[in-house]
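This report concerns only the one structure given below.
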Amino acid sequence: MIVTRAPGKLFLAGEYAVVEPGEPAVLIAVDRYLSVELTEGSDVGRIRSGEYGNAPLEWTRGAGGVGVVVEHRPSDYVLSALDVVDRLRDELGIPPRYFDLAISSELDDAQGRKFGLGSSAAVTVAVIAALNEFYRLSLSRTERFKLALLATIRVSPKASGGDLAACTFGGWVGYSAPDRSALRAELVGSGVAGTLRSAAWGSYRTTRLAPPSELELLVGWTGSPASTERLVAGVRHGREDWSDSYEQILHASRRTVEALERALQADDSLAVLACLRTARRVLQDFGRLSGIVIETPALRALCDAAERSGAAGKPSGAGGGDCGIVLAPAATSRRDLLADWEAHDIRRLELHVHPPEGAAA
């Protein structure tokens, strides 16, 4: 049996802007996990997960024994990861084998409501890690990230991959996305192995960042799941109608993220708090420009409570529900802050940063 796991993630800054190639964001990996158990199969593969019901999802291979085939697709990210690795396996001349996957997750509550910690990214990263071990591919962590992004953009073409970077490399990371349209074209023309070596990754960047030594991470969950893909699509939909304003917000986001990275590297807590507050304002500008509710009443209450207490808070990710993230100095009254959250039906998630793993490059 092969067992792998991947952590969840939270965005600190750069959401929405990061979907544009080269635009930066800062994320952290957190210590809630999605796990994958892989066992060898025979003439068919099976995927078991609480999300897919009681019966396992069965898969086979297409013509010539290459490519994963399934009659219906309740688990697109898992199947895309299987298919991308299967094509790489074939390109490398490795014989095919069947296997079963059992997936379990800590990234949702007892009722199956997602916390907004990146379960799609985590399952993609964990499945690829398991297949890397199963087929003895000896992929570097960066190559595993790239495979995860290739699998993801086949399902969600505009996905930035920032969540995949956090899940792959752990810790605090700075991230900029490659041109995913170029990668999809390269995948068609050059195959998986060729795309891994392609120049189309030009604007991709993952940088290891130092955590702030004097700030505590607090995460509140609003109990209202949100669709990142729908919200991001909504912001992008009308951008040609307000291109000048969109470019201005992109510029503001870029300056904020770059300042946050400098503040983290200098371990300047006051500057980190100021950047997080500015990142919240940038998200509000995205919301006003697009007409999309990014900062819900619950998220606003969470962030306002943080600012009243001398901390800094903002929605994490696309907003519209899910989680808010707070960085709090030692002088912050945690009791008052959490009491305010409780009054607004916000649940604190006991999360810590998952430690960094391997080189971020």
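- Counting non-hydrogen atoms of other residues, nucleotides and ligands closer than 6.0 Å to CG of Asp304 gives a total above 12.
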Before giving the answer on salt bridge (charged side-chain N to carboxylate O under 4.0 Å, His left out), spell out for Asp90 and Arg87 the whole-Å C-alpha distance, their side-chain angles and the decisive distance to 0.1 Å.
-> CA-CA 5 Å; Asp90 182 65; Arg87 294 179 187 279; over 6 Å; no
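- In this structure, the side chain of Arg46 does not engage the main chain of Asp100 through any donor-acceptor pair within 3.5 Å.
- Leu337 and Val219 fall into different hydrophobic clusters, defined by Ile, Leu, Val, Met, Phe, Trp and Tyr side-chain heavy atoms under 4.5 Å apart, directly or through other members.
- Put simply, the side chain of Arg180 does not reach to within 4.5 Å of the side chain of Pro157, judged on heavy atoms.
- Leu10 pairs with exactly one of Leu27, Leu117, Asp163, Val26 by the side chain to side chain contact (heavy atoms under 4.5 Å, CB included) rule, that one being Leu117.
- Between the side chain of Ser156 and the main chain of Thr152, no donor-acceptor pair closer than 3.5 Å is present.
- For the atom pair CD (Glu261) and CG (Leu12), the distance works out to 11.0 Å, reported to the nearest 0.5 Å.
- Distance alone, capped at 3.5 Å, places no donor-acceptor pair between the Ser253 side chain and the Ile249 backbone.
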Derivation of the salt bridge (charged side-chain N to carboxylate O under 4.0 Å, His left out) call for Arg5 and Glu357 | CA-CA 13 Å; Arg5 69 175 188 172; Glu357 299 180 290; over 6 Å; no
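- Listed for the Arg208 side chain is no donor-acceptor partner under 3.5 Å among the backbone atoms of Pro356.
- Side-chain N or O atoms of Thr39 include none that pairs as donor or acceptor with a backbone N or O of Met1 at under 3.5 Å.
- For the pair Ile28 and Leu217, the minimum side-chain heavy-atom distance is below 4.5 Å.
- Tracing side-chain contacts under 4.5 Å through hydrophobic residues (I, L, V, M, F, W, Y), one never reaches Leu218 starting from Leu273; they form parts of separate clusters.
- Side chain of Ser309 to backbone of Ala306: a donor-acceptor contact under 3.5 angstrom is found.
- The nearest pair of heavy atoms linking Ser203 to Gly22 is OG-N, 3.7 Å.
- In this structure, the side chains of Arg205 and Pro24 come closer than 4.5 Å at one or more pairs of heavy atoms.
- Residues meeting the side-chain hydrogen bond (donor to acceptor under 3.5 Å, both in side chains) test with Glu216, sequence neighbours left out: Arg334.
- Between the Ser290 side chain and the Phe286 main chain, a donor and an acceptor come within less than 3.5 Å of each other.
- Taking 4.0 Å as the cut-off between side-chain N and carboxylate O, Arg280 and Glu295 count as a salt-bridged pair.
- Two residues are said to be in side-chain contact when any heavy atoms from C-beta on lie closer than 4.5 Å; Tyr204 and Leu149 fail this criterion.
- The 12-atom threshold is exceeded at CD of Glu91, counting heavy atoms of other residues, nucleotides or ligands nearer than 6.0 Å.
- No donor-acceptor distance shorter than 3.5 angstrom exists from the side chain of Thr222 to the backbone of Ile346, with no hydrogens or angles considered.
- Qualifying side-chain hydrogen bond (donor to acceptor under 3.5 Å, both in side chains) partners for Ser213, counting only residues two or more places apart in sequence or in other chains: Asp267.
- At a threshold of 4.5 Å between side-chain heavy atoms, the hydrophobic network of Ile, Leu, Val, Met, Phe, Trp and Tyr places Ile94 and Val192 in one connected group.
- Membership of an apolar cluster is not assigned to Val44, as no side-chain contact below 4.5 Å to another ILVMFWY residue is traced.
- Side-chain contact check for Val353 versus Pro211: every heavy-atom pair is 4.5 Å or farther apart.
- When side chains are defined from C-beta on, Phe11 counts as touching Val18, because their heavy atoms get closer than 4.5 Å.
- Residues Ile153 and Leu147 fall within the same hydrophobic cluster, defined by Ile, Leu, Val, Met, Phe, Trp and Tyr side chains chained together at heavy-atom separations under 4.5 Å.
- Taking hydrophobic clusters as Ile, Leu, Val, Met, Phe, Trp and Tyr residues chained together by side-chain heavy-atom distances below 4.5 Å, Trp172 shares a cluster with Leu164.
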Starting from the C-alpha separation in whole Å, work towards a yes-or-no answer on side-chain contact (heavy atoms from CB on, under 4.5 Å) for Val78 and Val36.
-> CA-CA 11 Å; Val78 174; Val36 169; over 6 Å; no
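- Rounded to the nearest 0.5 Å, atoms OH (Tyr175) and CG (Leu209) are 14.5 Å apart.
- Counting heavy atoms from C-beta outward, Val19 and Lys158 have side chains that stay 4.5 Å or more apart.
- Proximity of a side-chain donor or acceptor of Asp268 to a complementary backbone N or O of Ala263 within less than 3.5 Å is not detected.
- For the atom pair OG1 (Thr4) and CG (Asn132), the distance works out to 10.0 Å, reported to the nearest 0.5 Å.
- Judged by distance alone, with hydrogens and angles left aside, the side-chain atoms of Thr332 form a donor-acceptor pair with the main-chain N or O of Pro329 at under 3.5 Å.
- Using bins of under 30°, 30° to 60° and over 60° for the plane-to-plane angle, the ring pair Phe134/Phe99 lands in the perpendicular bin.
- The number of heavy atoms from other shown groups lying within 6.0 Å of CZ (Arg288) is above 12.
- Between Val127 and Val85, the closest side-chain pair of non-hydrogen atoms is not below 4.5 Å.
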